[in-house]
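Since the structure comes first, as structure tokens, the remarks are kept for the end.
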Amino acid sequence: MKTRTAAMEVRTMANRYATQLQFCRTRSPISHSLAQNIHAHMTASGFRPRGHILNRLIDIYCKCSNLTYGRKLFDEIPEPDIVARTTMISAYSAAGNLKLARAIFSATPLSMRDTVFYNAMITCCSHNNDGFAAIQIFRDMKRVGVRPDDFTLSSVLCALGLIVDDEKQCQQMHCAVVKFGLGLITSVLNSLVSVYVKCASSSLGLSSSGSLMGSARKVFDEMVEKDELSWTTIITGYVKSNDLVAANEFLDGMTEKLGIVWNAIISGYVHHGCCQEAVQTFRKMLSKGVPQDEFTYTSFISACINGGFFQLGRQLHCYILRTEVQPTPDFSLSVNNALVTLYYKCGKIDTAREIFNKMSIRDVVSWNAILSGYVETKRTEDAKSFFSEIPERNLLTWTIMISCLAQNGCGEEALKLFNQMRSEGFEPCDYAFAGAIISCAVLGALMHGRQLHAQLIRLGHDTSLSAGNALITMYARCGVVEAAELAFLTMPYIDSVSWNALIAALAQHGRGLEALELFEQMLKEDIQPDRITFLTILSACSHAGLVREGRHHFDSMFSSYGVSPGEDHYTRMIDMLCRAGNFSEARSLIDSMPFEPGAPIWEALLAGCRTHGNMDLGIEAAERLFELRPQHDGTYILLSNMYAHVGQWDNVAKVRKLMRERGIKKEPGCSWIEVENNVHVFLVDDTKHPRVQAVYKYLEKLGLKMRKLGYVPDTKFVLHDMESEEHKEYALSTHSEKLAVVFGLLNLPQGATIRVFKNLRICGDCHNFFKFMSRVVKREIVVRDGKRFHHFRHGECSCGNYW
DNA sequence: ATAGGGTTAG
């Protein structure tokens, strides 16, 4: 009597738990925490879940959050039934782990396997992009006599879609569908249509593409019962095979008000860059009374962003606020994410942040959108602190932050983050690699960059456009132009960024004429030059003293290519004209500018005046600079150097006094060199580096040899380093670039090229010194300064003393 | 327990 009551009680409890678990149907954190509570209650009341209740728990754990824990529960079952096994296979399918799914599949005795079990395994293979394996499982299934059903055929057709390449295969499957007696089942026919569609879009550009869409359409037209999916499959087929006209006709012939089909075409338009058409379709949808949902709105917002219709986007925002009084959580999340993107992309990052702050649910997309907003508006500090607050980071979060740091010159920090990301188990994508590679460019870390290049190849990212472009820049900025050229030549696809990068590489290394030739080549290949291209071209002309060419390209950039010159382009022109001593033309160019000259313009002018000793104009430029940015050290240095150039030492002293009074500190010069994968940094007069004493000793020895060849220290360059004024000549010998070069001579293999990097411009005395040194030590010395490269070889420099 | 379409972050 008593035992019967206990058994009954267990049964009632089981029923109650089973009912409760029914509520955890969606794959959401809410389901997961609910299930956890129910599970905890079971444990507390001594109820041991078995059978279908345990299977349900495993399913929820696996799909909502904790696959490992789900597997642990599964392993504790003495003899798992076919349902439990199927659950595990589909969990691994969703997690992308084909290997573990297969292990469970193989460990299941043949006698247990049923149709659903096979179906799950077939689906798992196609979810993991192995169409052939899926079809093999289907064959095994037929061989051992398990009857395929409509689900099986749908799954196999999906697998076929991955590998299909001609119409014959589609027709064969069509026959198989009829043979299995499934020729009237809507879901199976939908999958069949989808195979034709995939085949059509993979043969894009071939004549067969149109006829395949025709066959797809024929199956569709003959279907007795069509559902939402049937319509959507056809319309996305037309969109993917670039036939937007057919898509529209198809849409017009549709009497049902199926929002999802309209959504498909709107997003299709956006992906094809037809934003205007997307907007029109949205309006048509509205006027026909087709219900709109979050997918409609997000695609529409995306059209506004890509088409630059920001006002329209804001109107939609108001419309949504008015009409959606009680939005579902899913609706709010995705629409707000899209709105955040809209606002930051039209420069209203603070509005975007307000929306973000008000959101009741946020996901990683929301966080990443704001992060990108800070990155794009160059608010690096905000980006950094926001990044540290992000609760759940994904691959993209890391990638955005890494490339932000890399683009803003924080190479070391970016590389640190790159490593941290890997240690947290993320495998970097090509964009993340691009960020890390650019960091190496910033740091001049050639060996590290080469290692990343090797890893890139190993991970199969070597065909990536962004990584390839980063490699061009990295090799160029590390001083190996040939490697940059090779990277450019071996890229399977290139874009204007690739061209710009290589043109810039040649320009920085003083190969101005070659840079211009490459530009001509780019035009021949019908690549549209952009503002960066012209920036690079003007630098190339400036560095190489090609004034006539520079003037020509500047004049034609707008008239021939529609790129209007910005302040940065004018700055390059002023720089070029002043270096060449053409001050009157520089002056009139400034007067003709359509905007007020800013600090960069005056700075270029001042630098030119310093080189040529043009006192009047130089003083005027300096005065403007003092007004525009009184705290900037560069102006004081240039001005004082200008006075020194003509021997006005009292004025030099005045400028220095002014600096002291205003509390302005010169950015200390520092140079670095990579030896055996370590970066060694030297400051002026360095005493901190552990091996610097040997450097001083060798430097002295070399100095004697060089003096015999005619080297004479030029003391006026001491003024680059105000802090060492007392020991002029001694100070010269301890400029950071000299220390770094000599360190390289002592520590790099015989004959290896010395590559040194400096944060500021190279000093004139050092420049002369390295020319002699390249003769004495008989090897090539490459110095990258703040602006460009100098290759010292056989007593000459590639810049032709023109920098 | 298993299939199939439309969205937002570089």
Side-chain angles (χ1 to χ4, degrees), chain A residues 52 55-56 58-59 62-63 81-91 93 114-124 126-127 134 149-159 161 185-195 197 227-237 239-240 258-268 270-271 293-302 305 330-331 333-342 344-345 363-373 375-376 394-404 407 429-432 434-435 466:
Chain A
H52 71 281
N55 290 346
R56 274 297 293 148
I58 293 173
D59 190 36
C62 286
K63 284 183 193 145
D81 63 11
I82 195 66
V83 176
R85 291 167 196 264
T86 310
T87 302
M88 278 318 297
I89 287 179
S90 73
S93 170
D114 64 3
T115 302
V116 179
F117 178 76
Y118 274 106
N119 292 350
M121 194 59 219
I122 292 171
T123 304
C124 178
S126 41
H127 273 172
D149 63 1
D150 50 341
F151 276 72
T152 318
L153 262 290
S154 280
S155 311
V156 172
L157 285 164
C158 173
I185 311 266
T186 305
S187 61
V188 176
L189 291 173
N190 284 346
S191 307
L192 182 62
V193 170
S194 152
V195 174
V197 159
D227 62 8
E228 262 191 353
L229 186 62
S230 326
W231 292 89
T232 319
T233 310
I234 289 284
I235 202 142
T236 48
V239 169
K240 279 183 190 149
L258 299 177
I260 194 169
V261 180
W262 290 76
N263 293 347
I265 191 167
I266 291 177
S267 77
V270 176
H271 282 126
D293 59 12
E294 64 262 44
F295 292 98
T296 326
Y297 294 140
T298 45
S299 293
F300 180 83
I301 293 168
S302 180
I305 294 169
D330 279 349
F331 180 95
L333 182 62
S334 53
V335 170
N336 278 321
N337 282 345
L339 285 170
V340 165
T341 311
L342 173 80
Y344 96 68
K345 290 230 165 141
D363 64 4
V364 69
V365 177
S366 335
W367 290 90
N368 287 351
I370 295 288
L371 183 64
S372 314
V375 172
E376 263 182 44
N394 66 6
L395 180 60
L396 191 58
T397 320
W398 289 95
T399 308
I400 296 168
M401 198 61 219
I402 289 166
S403 56
C404 167
Q407 303 289 341
C429 62
D430 57 335
Y431 281 96
S466 52

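All figures in this text were calculated on a predicted structure; none of them were measured in a lab. Chain letters run A, B, ... following the sequence lines, proteins first and then strands; every chain starts at 1. No hydrogens, no waters, no symmetry mates; every other heavy atom, side chains included, goes into these values.
With centroids closer than 5.5 Å and planes inclined by less than 30 degrees as the test, Phe295(A) and the base of dT7(B) fail to qualify as a stacked pair.
Side-chain N/O atoms of Lys345(A) include one lying less than 4.0 angstrom from OP1 or OP2 on dG10(B). Of the side-chain N and O atoms in Ser267(A), one or more sit less than 4.0 angstrom from OP1 or OP2 of dT7(B). Checking the phosphate oxygens (OP1, OP2) of dG10(B), a side-chain nitrogen or oxygen of Tyr344(A) falls inside 4.0 Å.
Residue-level contact check: Asp363(A) touches neither bases nor backbone, having no heavy atom under 4.0 Å from any strand. Among the atoms of the strands shown, none is found under 4.0 Å from any heavy atom of Ser194(A). Ser302(A) comes within 4.0 angstrom of sugar-phosphate atoms only, judged by non-hydrogen atoms across all strands, and of no base. Within the 4.0 angstrom heavy-atom criterion, base atoms lie near Asp293(A). Nucleic acid contact for Thr399(A): base, since at least one base atom lies under 4.0 Å from a heavy atom of the residue. The residue Asn394(A) sits close to a base: some heavy atom pair falls under 4.0 Å. As judged by a 4.0 angstrom heavy-atom cut-off over every strand, Cys429(A) is placed among the base-contacting residues. Counting non-hydrogen atoms under 4.0 angstrom, Ser372(A) reaches the backbone sugars and phosphates but no base.
Checked against dG4(B), dT2(B), dA9(B), the side chain of Val364(A) finds its nearest nucleotide in dA9(B). Comparing dG4(B), dG6(B), dT2(B) by their closest approach to the side chain of Leu229(A) singles out dG4(B). Nearest nucleotide to the Tyr431(A) side chain, out of dG10(B), dA3(B), dT8(B): dG10(B). Of the candidates dA1(B), dA3(B), dT8(B), dA3(B) carries the atom nearest the Thr123(A) side chain, counting heavy atoms from C-beta on. When distances are taken from the side chain of Thr341(A) to each of dG4(B), dG5(B), dA9(B), the shortest belongs to dA9(B). Candidate nucleotides dG10(B), dA3(B), dG6(B) were compared by shortest atom distance to the side chain of Thr236(A), and dG6(B) ranks first.
In this entry the distance linking CD1 of Ile122(A) with P of dT2(B) reads 15 Å, nearest Å. Atom CG in Leu396(A) sits roughly 5 Å away from atom C1' in dG10(B) (whole-Å rounding).
Remark: side-chain polar atoms of Asp293(A) are paired, donor with acceptor, to backbone N or O of Thr296(A) under 3.5 angstrom. Between the side chain of Ser403(A) and the backbone N or O of Thr399(A), at least one donor-acceptor pair lies under 3.5 Å.
To the nearest 0.5 angstrom, Leu192(A) atom CG is 11.0 Å from Thr233(A) atom OG1.
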Please test Ser299(A) against Ser267(A) for side chain to side chain donor-acceptor pair (under 3.5 Å), starting from the C-alpha separation and ending with a verdict. CA-CA 5 Å; Ser299(A) 293; Ser267(A) 77; 4.7 Å; no
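The side chain to side chain donor-acceptor pair (under 3.5 Å) with Asn119(A) is formed by just one residue from the set Asp149(A), Asp150(A), Thr86(A); it is Asp149(A).
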